[in-house]
Colleague: 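Once you've had a glance at the structure underneath, I'll fire off some questions.
Note that the structure is a prediction, hence the values are computed from the model and not measured.
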Amino acid sequence: MSVIIFIVILLVLVLVHEFGHFFTAKKFGIRVDEFGFGFPPKLFGKKFGETEYSVNLLPIGGFVRIFGESPDEESMTGPDSNRSFINKPKWQQAIVLVAGLFMNFLLAWILFSFGFMSGLPTSVGSEPRGQTLSDVHLVIVDVLLKSPADLAGLKTGDKIMTISIPASSNSNDYIKNPTPDQIKNFIVSHASVTSTKNPIAIGYERGPDKEAVTFVVPTVIGASDHPSIGISMDEIGTAKLPFFQALWEGMKLTLTMIKATATGLFGLIWGGIRGKGSLSGVSGPVGMVSIVGQAYKFGFAYLLSFAALISVNLGIINLIPFPALDGGRLFFILIEKIKGSRINPKVANTINMVGFGILILLMVVITYHDIVKLF
């Protein structure tokens, strides 16, 4: 199910991106030869007007084939050259390229806004001004691999309902609906008296399931002087807003995510340039499937938020001035505008092909890294 949901999300996000290119190209009178659902090999297609709409075998996105985007003799000097992308004014070319990422940001805004209308999970302290969160719970947001919590079976998204020492009759050894500080203090203060025969009991809820109990024994993790079970926690409730406030808060959240994503991506690239980069925080398709599975278990609003975040990421990544990406083509347009003449089409096409090859290689490396992390 996670794979199917991920494919549907990816298909929607990419098609929305490509529709931005398609729509603006049509508006500027640029010929669009094909709008493809999925990637080749082609299964079947139907031509409406001058554009063929095709369905392809690999359901991992889509593409738009715009006449003259990869210039050749026909698009530059042929009988239909006046409708070629390469022969349109630079500002029109730029708008066509930017339209894709604009649609991704617009979709993220819609998804975040709809999430707020239906009830969006929000951290305590981050709720919209004047709003009170409902159904607040202490939620595990991360579990350290091979930690006591991981070995006990706790997972990201579990709601902690109770913490106790089952063997104790002391009322102070049982806390219902604990806060993060109460959890930390309880573990530190009881670590010396716990053992495999006298563990700490954590009552939790997972998704729609009823409350369950697991047993953990705190240990010292890393260089910490304090015992820990290896979890990160946050108090999370539901923010449900009326229509117009949801639109406003959705826009604010989208802008915040755009800034955070751009900053994080810049840090990743800069770290790579300095030789300090790491793929530990990067996920490809395999890693995304796992995240989708977790979001799906938490609820529809989580899935909407995840899709919105991926949409923002897709827009930001396409803005990078790297060959084959929209940002790379924008950079070529800027160079041509400054120098007052075209970049040799053969050179531009070759650079874009090399860039595309590098992107495919990078995706293979990231996918391999995702698979390694599963074991």
Side-chain angles (χ1 to χ4, degrees), residues 10-42 44-56 58 60-107 311 314-356 359:
L10 186 61
L11 183 64
V12 170
L13 297 186
V14 175
L15 289 179
V16 164
H17 178 94
E18 297 300 334
F19 178 77
H21 298 317
F22 172 84
F23 179 80
T24 49
K26 287 282 191 180
K27 283 297 181 181
F28 290 138
I30 301 171
R31 198 178 86 196
V32 179
D33 294 330
E34 185 178 359
F35 192 120
F37 295 78
F39 286 108
K42 184 187 299 184
F44 61 88
K46 179 71 174 178
K47 199 165 187 177
F48 294 94
E50 64 186 11
T51 304
E52 180 183 12
Y53 299 85
S54 63
V55 176
N56 299 275
L58 302 177
I60 52 175
F63 64 93
V64 173
R65 190 154 52 87
I66 297 175
F67 181 58
E69 191 172 23
S70 298
D72 53 18
E73 288 297 325
E74 181 187 358
S75 61
M76 290 188 295
T77 60
D80 213 14
S81 60
N82 63 316
R83 302 193 58 216
S84 171
F85 175 86
I86 192 66
N87 288 331
K88 292 295 180 178
K90 299 300 180 190
W91 65 271
Q92 291 187 6
Q93 294 181 29
I95 288 177
V96 171
L97 292 172
V98 170
L101 62 96
F102 171 79
M103 288 299 295
N104 283 127
F105 296 155
L106 178 62
L107 178 62
S311 191
L314 185 60
I316 293 294
I317 289 173
N318 267 282
L319 194 56
I320 297 174
F322 187 84
L325 296 176
D326 294 335
R329 295 182 184 275
L330 280 170
F331 186 62
F332 282 1
I333 290 174
L334 178 62
I335 292 174
E336 290 179 343
K337 187 67 177 178
I338 293 173
K339 70 194 288 281
S341 61
R342 259 181 213 158
I343 297 173
N344 187 312
K346 291 183 179 180
V347 173
N349 290 341
T350 300
I351 292 175
N352 282 322
M353 285 181 61
V354 172
F356 183 74
L359 290 175

Colleague: Show every donor-acceptor pair shorter than 3.5 Å between a side-chain atom in residues 61-71 and any protein atom, with sequence neighbours excluded, or say none if there are none.
Modeller:
residue: R65; atom: NE; partner: E34; partner atom: OE1; Å: 3.2
residue: R65; atom: NH2; partner: E34; partner atom: OE1; Å: 3.0

Colleague: Looking only at heavy atoms, what is the nearest atom pair of V32 and T51, with distance?
Modeller: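 Smallest interatomic distance, heavy atoms only, reads O-OG1, 2.6 Å.
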Colleague: For the atom pair CZ (F332) and CD1 (I351), what is the distance rounded to the nearest 0.5 Å?
Modeller: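 If we round to the nearest 0.5 Å, F332:CZ and I351:CD1 are 4.0 Å apart.
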Colleague: Kindly assign one of parallel, tilted or perpendicular to the pair F35 and Y53, based on the angle between their ring planes and the thresholds 30° and 60°.
Modeller: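 Rings of F35 and Y53: parallel, as their planes differ by under 30°.
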Colleague: Please test D72 against S75 for side-chain contact (heavy atoms from CB on, under 4.5 Å), starting from the C-alpha separation and ending with a verdict.
Modeller: CA-CA 5 Å; D72 53 18; S75 61; 3.0 Å; yes
Colleague: Please check if the number of heavy atoms outside M353 that lie under 6.0 Å from its CE is greater than 12.
Modeller: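 No, the 6.0 Å shell around CE holds no more than 12 heavy atoms from other groups.
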Colleague: Taking ring-ring contact (aromatic ring centres under 6.0 Å, His included) as the definition, give me every residue that meets it alongside F331, ordered by chain and number, with sequence neighbours left out.
Modeller: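 Scan of F331 (ring-ring contact (aromatic ring centres under 6.0 Å, His included), adjacent residues dropped) gives none.
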Colleague: Before you tell me yes or no, could you show the steps for H17 and M103 under side-chain contact (heavy atoms from CB on, under 4.5 Å), namely the whole-Å CA-CA distance, both residues' side-chain angles and the distance that decides it to 0.1 Å?
Modeller: CA-CA 6 Å; H17 178 94; M103 288 299 295; 5.7 Å; no
Colleague: Can you see which heavy atom on G36 is nearest to which on N56, and at what distance?
Modeller: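 Closest heavy-atom pair between G36 and N56: CA-ND2, 3.9 Å.
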Colleague: Start with the C-alpha gap between T24 and L97, add the side-chain angles, then the distance that decides, and say whether side-chain contact (heavy atoms from CB on, under 4.5 Å) holds.
Modeller: CA-CA 9 Å; T24 49; L97 292 172; over 6 Å; no
Colleague: Can you find a heavy atom in the side chain of D326 that is under 4.5 Å from one in the side chain of H21?
Modeller: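 Result yes, sub-4.5 Å side-chain heavy-atom pair found.
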Colleague: Nearest 0.5 angstrom please: N318 CG to R329 CZ, how far?
Modeller: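 These two atoms lie 10.5 Å from each other.
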Colleague: Just jot down the ring-ring contact (aromatic ring centres under 6.0 Å, His included) partners of F85, sequence neighbours excluded, or say none.
Modeller: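 Result, ring-ring contact (aromatic ring centres under 6.0 Å, His included) vs F85: none returned.
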Colleague: Is it true that, when you exclude K339 itself, more than 12 heavy atoms of the residues, nucleotides or ligands shown sit nearer than 6.0 Å to its NZ?
Modeller: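 Above 12, so yes.
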Colleague: What are the two closest non-hydrogen atoms of P345 and M76, and how far apart are they?
Modeller: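 In this case the closest contact between P345 and M76 is CG-SD, 3.6 Å.
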Colleague: Should V14 and F37 count as side-chain neighbours, where that means a heavy-atom distance under 4.5 Å?
Modeller: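 Result no, sub-4.5 Å side-chain heavy-atom pair not found.
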Colleague: For the residue pair G355 and A324, what are the closest heavy atoms and their distance?
Modeller: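 Taking every non-hydrogen atom into account, C-CB, 4.1 Å.
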Colleague: Over all heavy atoms of both residues, which pair between E50 and I30 is shortest? Give the atoms and the distance, please.
Modeller: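 Smallest interatomic distance, heavy atoms only, reads OE2-O, 4.4 Å.
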Colleague: So, taking the atom named CG in N104 and the one named CG in L13, what distance separates them when rounded to the nearest 0.5 Å?
Modeller: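 Between N104 CG and L13 CG, I get 6.5 Å after rounding to 0.5 Å.
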Colleague: Using 0.5 Å steps for rounding, measure from the CD1 atom of I95 to the CG atom of L330.
Modeller: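 Atom-to-atom, I95:CD1 and L330:CG are 11.0 Å apart.
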Colleague: Do any N or O atoms from the side chain of E52 and from the backbone of D33 form a donor-acceptor pair under 3.5 angstrom?
Modeller: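 Not a single qualifying donor-acceptor pair exists.
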Colleague: Please indicate whether K90 has more than 12 foreign heavy atoms, meaning atoms of other residues, nucleotides or ligands, lying under 6.0 Å from its NZ.
Modeller: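 Atom NZ in K90 is packed in, count exceeds 12.
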Colleague: side-chain contact (heavy atoms from CB on, under 4.5 Å) between K88 and V96: does it pass, once the steps are laid out?
Modeller: CA-CA 11 Å; K88 292 295 180 178; V96 171; over 6 Å; no
Colleague: If I take atom CG from residue L10 and atom CG from residue L15, how far apart are they, to the nearest 0.5 angstrom?
Modeller: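 Nearest 0.5 Å value for the CG-CG distance: 9.0 Å.
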Colleague: For F28, does the CZ atom have more than 12 heavy-atom neighbours from other residues, nucleotides or ligands under 6.0 Å away?
Modeller: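 More than 12 within 6.0 Å, yes.
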Colleague: Would you give the length of the straight line joining atom CG of N352 to atom CG of L325, rounded to the nearest 0.5 angstrom?
Modeller: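 Here the rounded value is 9.0 Å.
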